[in-house]
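In what follows, a single structure is set out as structure tokens and then discussed.
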Amino acid sequence: QWITGASARAAVHGLRGRVDAIAVGMGTLIADDPLLTARPPGLRSARRVVYCGSRLPPPESRLVQTAAEVPLVLITDPAADPAELARLGDAGAEIYVARSSDRREQIGESLSWLGLAREQQGPVTNLMLEGGSRLLGSFFDAGAIDECHVYIGAKAFGGAGAPGPIAGAGAESVDDCTKFRLVSVERFDADVRLIYRR
């Protein structure tokens, strides 16, 4: 089910091994059951962050099953089930319950919280978003994306119902969109990575 080839995927794993944390939303967790680790391991072991809302990861998910070995942080809203949060905490997850259910406010709150040093863990100074489209859209809506690594695989899917990579509110006009500048283009066999910065 890979869209990009092995060398492009190796580059993503290399980036995973250099960041403080990697985040996904619940849609990606349910669809892919990812581990969110760098393979092979990099210089850092990134904390895995899941933006949950009120829907929580199942105990059998690989992220929860490995929470005792690799740090797992769950960002939830106030409606999350306290008993289930306690069970996930017992499994090793660190839990942050946001004060607001508004996705944009949660992002600002959680980024401030992640930026604080806690116990042995240093602050999160860079957070890699691995999707999905709702999470990316929420971060774009909150103005919280500084850099985009866009991988283009040499495969075309198309279709009128094909989902885009970014959901959220979006922009009403071209003048209102978030603007980036292209800083790098790199080829990985048949695939391409474009890096844009704000």
Side-chain angles (χ1 to χ4, degrees), residues 1-4 8-9 11-16 18-38 46-57 61 63 72-77 96 98 100-115 124-153 155-159 161-186 191-198:
Q1 295 187 4
W2 295 108
I3 296 172
T4 54
R9 295 196 303 276
V12 171
H13 279 279
L15 183 58
R16 282 181 176 182
R18 296 194 313 269
V19 298
D20 294 330
I22 303 166
V24 295
M26 279 301 296
T28 297
L29 185 145
I30 298 300
D32 298 343
D33 193 21
L35 271 174
L36 301 180
T37 55
R47 279 166 267 185
R48 289 108 31 104
V49 179
V50 181
Y51 281 83
C52 303
S54 58
R55 185 170 63 154
L56 299 172
S61 69
L63 287 176
L72 173 63
V73 178
L74 305 178
I75 310 292
T76 73
D77 70 33
Y96 178 75
S100 172
S101 294
D102 179 89
R103 193 72 166 204
R104 280 185 283 195
E105 290 177 20
Q106 280 184 8
I107 288 167
E109 240 185 90
S110 64
L111 290 177
S112 294
W113 179 77
L114 287 166
V124 171
T125 60
N126 47 58
L127 174 67
M128 178 179 176
L129 302 177
E130 286 211 5
S133 64
R134 288 186 62 220
L135 182 66
L136 291 175
S138 296
F139 269 79
F140 267 107
D141 291 347
I145 293 187
D146 299 315
E147 184 171 284
C148 298
H149 291 224
V150 181
Y151 288 82
I152 301 173
K155 296 176 182 150
F157 296 93
I166 302 168
E172 290 190 25
S173 72
V174 173
D175 289 337
D176 296 334
C177 73
T178 305
K179 294 169 182 67
F180 292 87
R181 63 185 169 87
L182 181 65
V183 295
S184 172
V185 178
E186 191 170 354
D191 307 319
V192 176
R193 176 179 64 191
L194 308 171
I195 298 180
Y196 293 92
R197 289 198 185 120
R198 246 178 129 152

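Everything quoted here is computed from the prediction, not taken from an experiment. Just so it is clear, the values below take in all heavy atoms, side chains as well, and ignore hydrogens, waters and symmetry mates.
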Sidechain-backbone polar pair: [X] side chain, [Y] backbone, donor-acceptor under 3.5 Å:
| X | Y | result |
| --- | --- | --- |
| Arg48 | Leu35 | yes |
| Asp141 | Gly168 | no |
| Asp102 | Arg104 | yes |
| Arg198 | Gly143 | yes |

So which atom in [X] and which in [Y] form the shortest heavy-atom distance, rounded to 0.1 Å?
| X | Y | answer |
| --- | --- | --- |
| Ser133 | Gly164 | CB-O, 3.7 Å |
| Ala144 | Ile107 | CB-CG2, 4.1 Å |
| Pro165 | Leu136 | O-CD1, 3.3 Å |
| Leu135 | Gly25 | CD2-N, 3.6 Å |
| Ser100 | Gln106 | O-NE2, 2.9 Å |
| Asp175 | Lys179 | O-NZ, 3.0 Å |

Quiz item: Sequence neighbours excluded, which residues qualify as ring-ring contact (aromatic ring centres under 6.0 Å, His included) partners of Phe139?
Solution: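 Partners of Phe139 under the ring-ring contact (aromatic ring centres under 6.0 Å, His included) test: Tyr51.
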Practice problem: Would you kindly say whether Ser173 and Asp176 are connected by a side-chain donor-acceptor distance under 3.5 Å? | Solution: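 A pair is found: one side chain offers a donor N or O, the other an acceptor, under 3.5 Å apart.
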Self-check item: Flag for Thr4-Asp191: side-chain donor and acceptor within less than 3.5 Å
Solution: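 There is no such pair between these side chains.
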Atom [atom1] in [X], atom [atom2] in [Y]: separation rounded to 0.5 Å?
| X | Y | atom1 | atom2 | answer |
| --- | --- | --- | --- | --- |
| Arg134 | Arg103 | CZ | CZ | 5.5 Å |
| Asp77 | Glu109 | CG | CD | 10.5 Å |
| Asn126 | Arg18 | CG | CZ | 9.5 Å |
| Thr178 | Ile145 | OG1 | CD1 | 8.0 Å |
| Met26 | Thr76 | CE | OG1 | 11.5 Å |
| Leu129 | Cys148 | CG | SG | 9.0 Å |

Quiz item: How far apart are the C-alpha atoms of Leu29 and Arg55, what are their side-chain angles, what is the distance that settles it, and do they pass the side chain to side chain contact (heavy atoms under 4.5 Å, CB included) test?
Solution: CA-CA 11 Å; Leu29 185 145; Arg55 185 170 63 154; over 6 Å; no
Self-check item: Given Thr28, Val73, Ile22, Val24, the one that forms side-chain contact (heavy atoms from CB on, under 4.5 Å) with Val50
Solution: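 Testing Val50 for a side-chain contact (heavy atoms from CB on, under 4.5 Å) against Thr28, Val73, Ile22, Val24 leaves exactly one candidate, Val24.
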Self-check item: Greater than 12 external heavy atoms within 6.0 Å of Ile3's CD1
Solution: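 It does not: Ile3 CD1 has 12 such atoms or fewer within range.
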Quiz prompt | Greater than 12 external heavy atoms within 6.0 Å of Arg193's CZ | solution =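 More than 12 within 6.0 Å, yes.
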Quiz item: With a 4.5 Å limit on heavy-atom distance, are the side chains of Arg47 and Leu72 in contact?
Solution: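 Contact flag for Arg47/Leu72 side chains = no.
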Exercise. For the residue pair Trp2 and Arg9, establish whether any side-chain heavy-atom pair is separated by less than 4.5 Å.
Key: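 They are in contact (side-chain heavy atoms under 4.5 Å apart), so the answer is yes.
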Quiz prompt | CA sep, side-chain torsions, deciding dist, call: Leu182, Ile195, side chain to side chain contact (heavy atoms under 4.5 Å, CB included) | solution = CA-CA 6 Å; Leu182 181 65; Ile195 298 180; 5.9 Å; no
Exercise. Please identify each residue that fulfils side-chain hydrogen bond (donor to acceptor under 3.5 Å, both in side chains) with Ser61, with sequence neighbours left out.
Key: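 Not a single residue meets the side-chain hydrogen bond (donor to acceptor under 3.5 Å, both in side chains) criterion with Ser61.
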Quiz item: Taking it one step at a time, do Leu74 and Tyr96 satisfy side chain to side chain contact (heavy atoms under 4.5 Å, CB included)?
Solution: CA-CA 6 Å; Leu74 305 178; Tyr96 178 75; over 6 Å; no
Self-check item: Stepwise side chain to side chain contact (heavy atoms under 4.5 Å, CB included) check, Val192 with Leu194
Solution: CA-CA 7 Å; Val192 176; Leu194 308 171; 3.9 Å; yes
